Amino acid sequence: MINILAVENNQKKSSVIYSALSDKSRYHLAIVDSGYTAIEAVGLKKFDLIIIERDLSFLSGLKTAQSLRKRLSDNISPFVIIGEKLEEQEVEDFISTGVFDFWQPPLSIQRIRLTVESVANGWRSPMDNLKNYREYLERLGR
């Protein structure tokens, strides 16, 4: 069972994530709509992957990721960030929090499942982030 926390305040994106990960025999998915609720959730349960929307209300996706990383300290659960047209500095700031991958809307059910399975089967350390960072920049044409 793969435990996943999604921090998403957009109903359409939440629905796509839910559709992709609704197989209850494989995934346990919790969806919250704020960074503050996510911080509380990681205090109650260990998650194998945390999906974070960049454009959250009140507490930004970056602040949420930074707060979660501090709260998790010993737990190296990777993050996936959802956001359009992230700037290079913003990507680097997210990478330092333990980002495994970046998703640009519109979200793809296949991409979500592939990322979750990649994390479950092969993510070992934040060093894996460097490969994904380079791939992300290539997708942006940089």
Side-chain angles (χ1 to χ4, degrees), residues 1-56 59-142:
M1 177 83 57
I2 303 168
N3 291 310
I4 304 155
L5 174 64
V7 189
E8 178 58 71
N9 60 357
N10 177 289
Q11 185 63 38
K12 186 176 179 181
K13 292 177 195 170
S14 293
S15 294
V16 174
I17 293 168
Y18 179 80
S19 294
L21 304 174
S22 61
D23 180 352
K24 295 185 188 301
S25 67
R26 296 189 52 89
Y27 312 111
H28 178 265
L29 175 64
I31 300 177
V32 299
D33 64 359
S34 78
Y36 295 113
T37 308
I39 294 166
E40 290 177 18
V42 298
L44 302 173
K45 183 174 186 134
K46 181 187 180 308
F47 293 96
D48 301 306
L49 175 67
I50 301 173
I51 301 166
I52 304 170
E53 168 66 47
R54 176 186 75 180
D55 299 319
L56 293 171
L59 189 63
S60 73
L62 180 59
K63 293 284 186 198
T64 298
Q66 291 168 334
S67 297
L68 288 172
R69 185 53 60 214
K70 284 181 191 171
R71 176 102 188 220
L72 293 169
S73 63
D74 295 336
N75 177 352
I76 58 167
S77 298
F79 299 154
V80 170
I81 303 301
I82 301 171
E84 293 183 52
K85 300 177 184 170
L86 282 81
E87 297 296 322
E88 191 168 343
Q89 181 58 52
E90 189 176 15
V91 171
E92 290 177 12
D93 291 342
F94 273 117
I95 288 288
S96 70
T97 68
V99 169
F100 176 75
D101 201 1
F102 296 90
W103 295 340
Q104 287 186 307
L107 298 181
S108 154
I109 288 176
Q110 181 181 16
R111 173 84 189 253
I112 293 169
R113 288 180 182 155
L114 285 171
T115 301
V116 169
E117 292 303 321
S118 292
V119 168
N121 295 325
W123 193 85
R124 289 173 289 290
S125 76
M127 288 305 294
D128 289 343
N129 300 343
L130 297 176
K131 177 180 175 225
N132 289 309
Y133 174 55
R134 285 191 290 275
E135 289 173 3
Y136 177 75
L137 290 178
E138 286 173 14
R139 286 194 306 260
L140 292 179
R142 295 182 189 167

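None of these values were measured; they are calculated from a predicted model.
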Discussion item. Set out, in order, the CA-CA distance, both residues' side-chain angles and the distance that settles side chain to side chain contact (heavy atoms under 4.5 Å, CB included) for I4 and D48, then state yes or no.
Written reply: CA-CA 6 Å; I4 304 155; D48 301 306; 5.8 Å; no
Worksheet item: Step by step, would you call I95 with F102 a side chain to side chain contact (heavy atoms under 4.5 Å, CB included)?
Response: CA-CA 10 Å; I95 288 288; F102 296 90; 4.0 Å; yes
Item to complete: Evaluate the side chain to side chain contact (heavy atoms under 4.5 Å, CB included) criterion for residues F47 and L72: first the C-alpha distance (whole Å), next the side-chain angles of each, then the deciding distance (0.1 Å), finally the verdict.
Response: CA-CA 10 Å; F47 293 96; L72 293 169; over 6 Å; no
Discussion item. I'd like to know whether E8 forms a side chain to side chain contact (heavy atoms under 4.5 Å, CB included) with I51, so could you lay out the CA-CA distance, the side-chain angles of the two residues, the decisive distance to 0.1 Å, and finally the verdict.
Written reply: CA-CA 8 Å; E8 178 58 71; I51 301 166; over 6 Å; no
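Judged by a 6.0 Å distance limit and a 45° cone about the ring axis, R69 is positioned over the six-membered ring of F79.
The CD atom of Q11 sits 8.5 Å away from atom CD1 of I31, with the distance rounded to the nearest 0.5 Å. Summarising the geometry, atom CZ belonging to R111 is positioned 8.5 Å from atom CD belonging to Q104; distances are rounded to the nearest 0.5 Å. The CD1 atom of I50 lies 5.0 Å from the CG atom of L68; values are rounded to the nearest 0.5 Å. Note that the CD1 atom of I112 and the CD1 atom of I82 stand 7.0 Å from one another [nearest 0.5 Å].
Within the 4.5 Å cutoff, no side-chain heavy atoms of F94 are placed close to those of I52. No side-chain heavy atom of L62 sits less than 4.5 Å from a side-chain heavy atom of E90.
Applying the 6.0 Å contact sphere to NZ of K46 captures more than 12 heavy atoms from other residues, nucleotides or ligands.
Taking the side chain to side chain contact (heavy atoms under 4.5 Å, CB included) definition, one finds that V32 meets it with L5, V7, T37, A38, sequence neighbours left out.
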